[in-house]
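The first residue of the sequence shown is numbered 1, and numbering continues consecutively from there. Here the structure is a predicted model, which means the values were calculated and not measured.
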Amino acid sequence: MPLPKMPTKPATMLLAKDYPKAETGKSPVRPVSAKADADLDDLISGQAVPTAKASKARKAKASADASSLLAPAAANDTGASRWPEPAAAPVGASAPAPLADAALAKGPSRKSKDGAIAPMPASRLREIDADQPHPAKHKPVEVTVKSSTSRKADRSGKTKVFVLDTNVLMHDPSSLFRFEEHDVYLPMMTLEELDNHKKGMSEVARNARQVSRTLDALIANIDDDAIEAGIPLAKLGNKDAKGRLFFQTKLDAAPLPEGLPSGKADNQILGVVRALEDQMGGRAIVLVSKDINMRIKARALGLPAEDYFNDHVLEDTDLLYSGIVQLPDDFWNKHGKDMESWQENKNGNSATFYRMTGPLIPTLLVNQFVFMEPKNGEAPFYGQVKQITGKTAVFQTLRDYSHTKNNVWGITARNREQNFALNLLMNPECDFVSLLGQAGTGKTLLALAAGLAQVLETKQYNEIIVTRVTVPVGEDIGFLPGTEEEKMSPWMGAFDDNLEVLMKGDGDAGDWGRAATQDLIRSRIKIKSLNFMRGRTFVNKFLIIDEAQNLTPKQLKTLVTRAGPGTKILCLGNIAQIDTPYLTEGSSGLTYVVDRFKGWSHGGHVTLARGERSRLADHASEVL
């Protein structure tokens, strides 16, 4: 078989804004009569069509097949949209190619009252689609969905009763006080499971013991009759918790469907939820659980169930603080009227400062990076907000770490975001730095280079301490031999890889010189485990916390509060790669500290955007 001829012109991908526009008053496809459309609905729904009408329905369906695939059919009685299944279409009913191409060229469409397919107005198209190849690839938005029972109670203004699963209390020990004016109900099986998990030194065991101590303080000096009526959650000083705490005092549960094992803890909690619905007919009963299968099982039995999302810092991680803002093109015209400028020598570097006033200033934060890259050939502006007072701000120009004369341990910034990150890492007045970014953006390499430069060259810090959470991606490999540092070495492969890059040094030093340099560098880097951090204080240390997205907010609080005088803490991570159960992008400890530290004069954050590892890694990050 001969090979096909190679194309003479390269294929091009049109942008959404370059697609031909639909002309006003013209329909992109032939209209379909209401009768034929009704017969087609009968065919799709599976109802029998008389033989005399069958051929007519098939013809109508053949002409309308393209339009039915491009726009949803009329809504049924339940309000859901029906989409015709491709397998249900008769043989030979596919739309002709020119008709389908014409319909696609017109863009999105909708069905009008007479059954015709009308083009969607251009105002309905999102602006971002016009600047990206079509179809545009968007990140799914994390949405917290409430049950219908909970939504009805919110509309009516009635308080709800939340039945807590054990994993909620072990995930967040303070969850008892996070339900505002609503009541909290604890089944007896929840208390049994708390008792089973209280032994050990793990985070789950510590949380279980903390919940037990909180419950003991709540029921102290309370009569038995008061327990039946509910214990005020504000008893311990939590003024936001205005509801009451109820315990299961009667061991009676509603029967569940046959086949569910009654001895399983989850099924007993489901039985309690069903019994509460019978006892409190006028109130909304909602099960709260972090267990996905538990929520699915509850919804299958007709019981309202929700995830615990009160610990989420943000419901949409796209709104997470990036630390960078692009100034508009007219920024100097609106803010440069009474501008003041001067120069200062800080930390051995000369920097220019600008004091400006304008309407954009209140939207900025201290230590936030601003930039302007004019397209008319003017010089770009890169600065950092150092002070904000009302509508007046002070901007400082940055040091250009992309130039070889300003290299940090032989490393130069390859893009704008890396230059911003190095300005934070090399600033001794910045005590806390968080870096976010996908794989290959240079988080670990920049942190190690800045640490080595400030430990061995400027001697700003005594040593580098590296730690990370030991959560395996695959199966665990069991117990590891050796000292604490030797046990942690398998988890530190990323640092070893970056150290190899940084320790290349001068090629003329010889093998002995390189070995001496490696021993010197290794002697200033200590690898520590998170399990032994509680109670420690680090003085004049350069502390790097890698893979911080796998830490809970409480764990990160424990680590950050270890900082003594002269210590700098770095949090590195990628919230798209979370391996810890029950943690999401919105509830991760890394998201928590980024949101809480923004605007602090001694902290900074940068989200690294471009991958610089290799062209293979960059392409894999985009397409996989």
Side-chain angles (χ1 to χ4, degrees), residues 147 149-150 153 158-199 207-238 240-257 260-291 294-295 297-298 301-306 308 310:
S147 61
T149 302
S150 185
K158 296 181 180 179
T159 59
K160 294 169 276 191
V161 178
F162 289 103
V163 181
L164 299 191
D165 195 3
T166 316
N167 48 51
V168 175
L169 296 172
M170 292 189 295
H171 172 71
D172 182 8
S174 62
S175 58
L176 287 170
F177 311 104
R178 290 181 176 267
F179 292 95
E180 299 177 345
E181 73 275 10
H182 307 289
D183 296 334
V184 176
Y185 187 95
L186 294 183
M188 195 59 64
M189 184 51 65
T190 297
L191 301 178
E192 282 288 332
E193 288 190 310
L194 279 177
D195 186 64
N196 294 336
H197 290 87
K198 68 181 181 181
K199 298 178 181 179
N207 290 345
R209 291 193 293 269
Q210 182 176 342
V211 172
S212 299
R213 288 192 291 269
T214 303
L215 294 176
D216 181 58
L218 283 171
I219 64 173
N221 303 323
I222 295 293
D223 297 334
D224 295 340
D225 296 338
I227 294 179
E228 286 276 356
I231 304 170
L233 287 169
K235 176 184 176 182
L236 302 181
N238 299 278
D240 294 335
K242 301 176 182 179
R244 290 179 171 269
L245 173 65
F246 293 89
F247 291 94
Q248 182 184 359
T249 56
K250 299 178 181 179
L251 299 179
D252 53 345
L256 293 173
L260 287 178
S262 59
K264 192 172 181 180
D266 290 355
N267 296 337
Q268 293 190 29
I269 295 176
L270 292 175
V272 170
V273 175
R274 175 160 288 181
L276 283 176
E277 286 188 336
D278 298 336
Q279 296 171 11
M280 305 179 181
R283 300 196 64 183
I285 312 296
V286 181
L287 172 65
V288 181
S289 175
K290 297 293 294 182
D291 187 354
M294 177 76 159
R295 299 198 301 268
K297 192 186 297 185
L301 295 175
L303 302 175
E306 296 177 6
Y308 175 73
N310 287 336

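Residues meeting the salt bridge (charged side-chain N to carboxylate O under 4.0 Å, His left out) test with R295, sequence neighbours left out: D307. For D183, the salt bridge (charged side-chain N to carboxylate O under 4.0 Å, His left out) partners at least two apart in sequence or on another chain are R283. With sequence neighbours excluded, the residues satisfying side chain to side chain contact (heavy atoms under 4.5 Å, CB included) with R213 are R209, Q210. Applying the salt bridge (charged side-chain N to carboxylate O under 4.0 Å, His left out) criterion to K198, with sequence neighbours excluded, gives D195. A search for side chain to side chain contact (heavy atoms under 4.5 Å, CB included) contacts involving T149 returns S147, A284, P304, not counting sequence neighbours. For E228, the side chain to side chain donor-acceptor pair (under 3.5 Å) partners at least two apart in sequence or on another chain are T249. Applying the side chain to side chain donor-acceptor pair (under 3.5 Å) test to T166 and every residue at least two apart in sequence or in another chain returns E193. With sequence neighbours excluded, no residue forms a side chain to side chain donor-acceptor pair (under 3.5 Å) with T214. Partners of F179 by ring pair (Phe, Tyr, Trp, His ring centres under 6.0 Å), not counting sequence neighbours, listed by chain and number: F162. For the side chain to side chain contact (heavy atoms under 4.5 Å, CB included) test, no residue two or more places apart in sequence or in another chain qualifies with S212. Every side chain to side chain contact (heavy atoms under 4.5 Å, CB included) that I222 has, sequence neighbours left out, goes to A226, I227, I231, K235.
Distance check: R244 CZ to T159 OG1 gives 11.5 Å after rounding to the nearest 0.5 Å. Note: L169 CG to N207 CG = 9.5 Å, rounded to the nearest 0.5 Å. Taken from OG in S175 to NZ in K290, the straight-line distance is 10.5 Å, to the nearest 0.5 Å. For the atom pair CG of L186 and CG of D165, the computed distance is 10.5 Å after rounding to the nearest 0.5 Å.
With a 4.5 Å cut-off on side-chain heavy atoms, Q268 and P187 do not count as touching. Using a 4.5 Å cut-off on side-chain heavy atoms (C-beta onward), V184 and V288 make no contact. Side-chain contact between F246 and V161: absent, with no pair of heavy atoms (C-beta onward) separated by less than 4.5 Å. Inter-residue side-chain proximity for L215 and L245 is flagged as met; some heavy-atom pair is nearer than 4.5 Å.
In terms of heavy-atom proximity, H182 sits nearest to K160 at ND1-N, 3.0 Å. Nearest heavy atoms, K242 versus E181: CB-CA, 4.0 Å. Shortest non-hydrogen contact noted between Y308 and D172 is OH-OD2, 2.7 Å.
In terms of modelled atom types and a separation under 3.5 Å, the side chain of D266 and the main chain of M294 share no donor-acceptor contact. No donor-acceptor pair under 3.5 Å is formed between the side chain of N238 and the backbone N or O of D240.
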Would you tabulate the side-chain donor-acceptor contacts of residues 269-282 under 3.5 Å, counting partners in other chains and residues two or more places apart, or write 'none'?
| residue | atom | partner | partner atom | Å |
| --- | --- | --- | --- | --- |
| R274 | NH2 | L301 | O | 2.7 |

Test log, rule side-chain contact (heavy atoms from CB on, under 4.5 Å), inputs L287 and L303:
CA-CA 8 Å; L287 172 65; L303 302 175; over 6 Å; no
side-chain contact (heavy atoms from CB on, under 4.5 Å), that's the test. Do F247 and L191 meet it? Break it down for me.
CA-CA 9 Å; F247 291 94; L191 301 178; 3.9 Å; yes
